[in-house]
J.: 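This is the structure I want to talk about, given as structure tokens.
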Amino acid sequence: MQKGKIIRWLARTTFHFCLPYIIVSIFILISAPVLNLAINYLNKLIVNELIDNMQVGFLSNLFFALIFAYMSIYFIQQANQFLSAFGRNFYQNIVDELYRSIFMWKSYQTPQEAFLNTEFMDKYHFANASISHINSFLNRILTFVFVDIGTLLTTLGVFVVYDPWLILYVLIIAVISVFSSIYTSKMEYAVEKEQTNRERKKQYYKEILTSKSYAKELRIYRYKNNIYKRWKELANELRGEKLSIALKRIKIQNYEAAIQYAVRFLSLVFLLRGVFYHTYDVGTFVLLFGLVDACTMQTHSLVQNVMFGLCKDFNYLENYYDFVMPITDAEIHQIVKTEKTTFDSRLLFGPFQNLKIQNLYYQYPSSEKWAVKDVSFTINKGEIISILGFNGSGKTTLSKLITGALAPTKGNILINENHISSVDRSFVFPYFGMAPQEFSRFSLTIKENVGLGYIEKMDDQCYLDRAYEKAELNSFINKYSNKDETMLGKAYDENGVELSGGEWQKLILASAYMGMPEILIFDEPTASIDPLKEMEMLAHFRKNLEGKTAILISHRIGFARLADKILIMADGSIIEQGTHEELLKHNGYYANMFQKQREFYGL
């Protein structure tokens, strides 16, 4: 039942979105068995005509006409092989692009927390690797229907007419191929699936050894040999298992080839017997012998296509299908359409009035500890809240929950009294301007990195200039000849510039300012900046945050002085909250932090 459902979905999706390319491929495939039969039949006619001509002592015009026809069809057959390869590759590229686009879209729609789960990542990796098997599956099915079946039916028809015993030959070849294919396909699939986690680990070690991101640490800590040893041990282990499987497959194929050789020899004896007893003429012998040769290949191809297509390849399809489902035809159409992408930045719940966090809990996959535990607070339009706490207190996780990047395990988040869990997260993101603690360093231009904060206005210089000014980026930009078109990083441009941690943080701040968002969330925005320089930035923050709604996350008290309310977090919970003065009078956790850090800020 499940197999039929998956095959129907695959067929419907492929035919709906790739139909013109499939039709061309089918036309080329159908011509192959027709041309093959024509060549074999012409062989018969040529041989018989040649024997007749030898008896009369001259070559007839019919003989030359048959030779001309043979050469013409042979030329078309060879050209058709080229067209078949070209058409198949072209069609497969289109199909591959379709299903990779669906996979990437589904990956984007998957909640972020899923990527923290090892079991999910194994499934994700295996589904991604399964995409190439979709083309393999479709190609085997098309070849099975339009080449193998056609060739075998015409061949069997000829055998029935001239020598029905040859049908037994076809059945023996088919049975041998079926058992060989079932065994090898199950064996190979089981090994590949079992190796998925170790393949991921091997790839990770390889990335450490070859990626620029780890180059400095590898040298400083002299860690290369240790990582290389781990990579090599895994690589040897996996290669040994694959080699063992390959040797088993070759051994089975050798047994299969030996049996096929013996059966083919017997078929030749039957054919010679037919000529000797004048059951058919020499030309028919040539025809049947040619078809026996073709039949061996086609029977083996048919079994391979069916067994690998419906057994091995289907197992991969099942993994892919389970990952991308549910998905509608309308969503696929949206994915593949070529028009310019549009972005929906409207505020679904209207202009921001308030944000309510109610009894919020969050637990990371495979963790027994609550990262966020029973957190509740409200922030109204124009208020600034500071969330303080040391590393591991749950501040960053809380910020991800507020913006919708993570879904809470328990509890509610409401914007303007509307539960954000009731809508697609893409409608929640426009409310926030984020300067996260953990950010990606894209090898794009300065303009593009900042413009990501409000992608609809990425090319609007007014928005960009305002963001540059608020983040104090103008002096930084002006030192480069290409200004904000300067490429960052050297991933693919040797002229790209490398930035310090503090410079990257300023870019991220500019990105947060870019869209004039309803709520600004700054998570450790001065983490890469020394306390003295931080004092200058705090004065600038005061100016930029005037009249704004903001959540400031830090372990430094300098930020706390900007806030209307301070929340102190420890072990995932809010342990204190109030104004700066109220918390000092309470003489608790915050007062202790303040006393330890005040000397840095001259307080």
J.: Looking at K232, is its backbone amide N or carbonyl O close enough to the side chain of N236 to form a donor-acceptor pair, meaning the two atoms are under 3.5 Å apart?
T.: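 Yes, N236 side chain to K232 backbone: donor-acceptor pair under 3.5 Å.
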J.: Quick one: closest heavy-atom pair of M487 and L444, and the distance?
T.: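 Heavy-atom minimum between the residues: SD-C, 3.5 Å.
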J.: List the residues meeting salt bridge (Lys or Arg N to Asp or Glu O under 4.0 Å) with E241, not counting sequence neighbours, and say none if there are none.
T.: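 By the salt bridge (Lys or Arg N to Asp or Glu O under 4.0 Å) rule, E241 matches R198.
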J.: Looking at K395 and D523, is there a salt bridge between them, counting it only when a charged N and a carboxylate O are closer than 4.0 Å?
T.: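 K395 and D523: not salt-bridged.
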J.: Which residue pairs pass the salt bridge (charged side-chain N to carboxylate O under 4.0 Å, His left out) test when at least one of the two sits in residues 9-24, sequence neighbours left out?
T.: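 Sorted pair list: R12-D329.
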J.: Checking E524 side chain against H555 main chain: does a donor-acceptor pair fall under 3.5 Å?
T.: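 Yes.
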J.: Starting at OG of S443, measure out to CD of E448 and round the result to the nearest 0.5 Å.
T.: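 Result: 10.0 Å between the selected atoms.
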J.: What verdict does the side-chain contact (heavy atoms from CB on, under 4.5 Å) test give for I327 and I102, after you've listed the backbone C-alpha separation in whole Å, the side-chain angles of each residue and the deciding distance to 0.1 Å?
T.: CA-CA 9 Å; I327 189 170; I102 294 172; 3.7 Å; yes
J.: For the pair T403 (side chain) and K400 (backbone), establish whether a donor and an acceptor sit closer than 3.5 Å, ignoring hydrogens and angles.
T.: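 Such a contact is found between T403 side chain and K400 backbone.
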J.: What's the verdict on side-chain contact (heavy atoms from CB on, under 4.5 Å) for K5 and R8, showing C-alpha distance, side-chain angles and the deciding distance?
T.: CA-CA 5 Å; K5 184 179 179 181; R8 286 193 299 273; 4.0 Å; yes
J.: D322 and K123: which non-hydrogen atoms are nearest, and at how many Å?
T.: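 D322 and K123 have their closest heavy atoms at O-NZ, 3.9 Å.
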J.: If the plane angle is over 60° it's perpendicular, under 30° parallel, otherwise tilted; pick one for F323 and F120.
T.: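 Geometry flag for F120 against F323: tilted rings.
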J.: K242: which residues meet the salt bridge (Lys or Arg N to Asp or Glu O under 4.0 Å) condition with it, sequence neighbours left out?
T.: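 Testing K242 for salt bridge (Lys or Arg N to Asp or Glu O under 4.0 Å), a comparison that skips the adjacent residues, returns E199.
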J.: Report yes or no: does T14 contribute a side-chain atom to a donor-acceptor pair with the main-chain N or O of A11 at less than 3.5 Å?
T.: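 Answer holds: no.
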J.: Begin from the C-alpha positions of E498 and L488 and carry the test side-chain contact (heavy atoms from CB on, under 4.5 Å) through to its verdict.
T.: CA-CA 6 Å; E498 299 288 356; L488 302 181; over 6 Å; no
J.: Report yes if the distance between the aromatic ring centroids of Y228 and W231 is under 6.0 Å, otherwise no.
T.: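 Yes, they do, as the ring centres are separated by less than 6.0 Å.
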J.: State which residues pass salt bridge (Lys or Arg N to Asp or Glu O under 4.0 Å) with E318; sequence neighbours excluded, sorted by chain then number.
T.: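 Per chain and number, E318 pairs via salt bridge (Lys or Arg N to Asp or Glu O under 4.0 Å) with no residue.
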J.: Taking atom types as modelled, is there a side-chain donor on T110 or Y124 under 3.5 Å from an acceptor on the other?
T.: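 No, no side-chain donor-acceptor pair sits under 3.5 Å.
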J.: Please determine whether the number of non-hydrogen atoms from other residues, nucleotides or ligands lying under 6.0 Å from atom CD of E194 exceeds 12.
T.: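 Yes, the 6.0 Å shell around CD holds more than 12 heavy atoms from other groups.
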J.: Distance-only, no hydrogens or angles: does the T397 side chain make a donor-acceptor pair with backbone N or O of G394 under 3.5 Å?
T.: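 Flag not set: sc T397 to bb G394 has no pair under 3.5 Å.
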J.: Can any side-chain N or O of T196 pair as donor or acceptor with the backbone N or O of E192 at less than 3.5 Å?
T.: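 The answer is yes, because a donor-acceptor pair under 3.5 Å joins these two groups.
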J.: Among all residues two or more places apart in sequence or in another chain, which pass the ring-ring contact (aromatic ring centres under 6.0 Å, His included) test with Y321?
T.: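 Partners of Y321 by the ring-ring contact (aromatic ring centres under 6.0 Å, His included) criterion, ordered by chain and then number, come out as W9.
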J.: Whether the side chain of S244 engages the backbone of G240 through a donor-acceptor N/O pair (distance < 3.5 Å, no angle test) should be reported.
T.: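 Not a single qualifying donor-acceptor pair exists.
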J.: Could you tell me the separation between the CE atom of M104 and the OH atom of Y108, rounded to the nearest 0.5 Å?
T.: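 Rounded to the nearest 0.5 Å, the CE-OH separation comes out at 13.5 Å.
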J.: Start with the C-alpha distance between I413 and V428, add both sets of side-chain angles, then the distance that settles side-chain contact (heavy atoms from CB on, under 4.5 Å), and finish with yes or no.
T.: CA-CA 11 Å; I413 303 171; V428 178; over 6 Å; no
J.: Short question: side chain of S376, backbone of Q358 - any donor-acceptor pair under 3.5 Å?
T.: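 Side chain of S376 to backbone of Q358, a donor-acceptor pair under 3.5 Å: no, none is there.
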J.: Between CD of E331 and NZ of K106, what distance do you get to the nearest 0.5 Å?
T.: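 E331 CD to K106 NZ: 7.0 Å, rounded to 0.5 Å.
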J.: Looking at R441 and L499, what are the two nearest heavy atoms and their distance?
T.: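 For R441 versus L499, the nearest heavy atoms are NH1-O, 4.5 Å.
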J.: Is it the case that the side chain of Y320 and the backbone of F126 share a donor-acceptor pair, with hydrogens and angles ignored and the cut-off at 3.5 Å?
T.: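 No; judged by distance alone, with no hydrogens or angles, the pair does not exist.
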J.: Under the rule for salt bridge (Lys or Arg N to Asp or Glu O under 4.0 Å), what residues qualify as partners of K373, not counting sequence neighbours?
T.: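 Salt bridge (Lys or Arg N to Asp or Glu O under 4.0 Å) list for K373, sorted by chain: empty.
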J.: Would you tell me whether Q363 and T409 have side-chain atoms, one donor and one acceptor, within less than 3.5 Å of each other?
T.: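 There is no such pair (donor and acceptor under 3.5 Å, judged by atom type) between the side chains of Q363 and T409.
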J.: Considering all heavy atoms of both residues, which atom of L509 and which atom of A435 are nearest to each other, and what is their separation?
T.: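 Taking every non-hydrogen atom into account, CD2-CB, 3.9 Å.
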J.: Taking all non-hydrogen atoms of both residues, which atom of I402 and which atom of I420 are closest, and how far apart?
T.: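 Minimum heavy-atom separation between I402 and I420: O-CD1, 4.0 Å.
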J.: On a heavy-atom basis, which atom in V95 and which in C18 lie closest, and how many Å separate them?
T.: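 Result for this residue pair: CG2-SG, 4.1 Å.
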J.: Within the side chain of Y454, is there an N or O that forms a donor-acceptor pair under 3.5 Å with the backbone of P517?
T.: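 No; judged by distance alone, with no hydrogens or angles, the pair does not exist.
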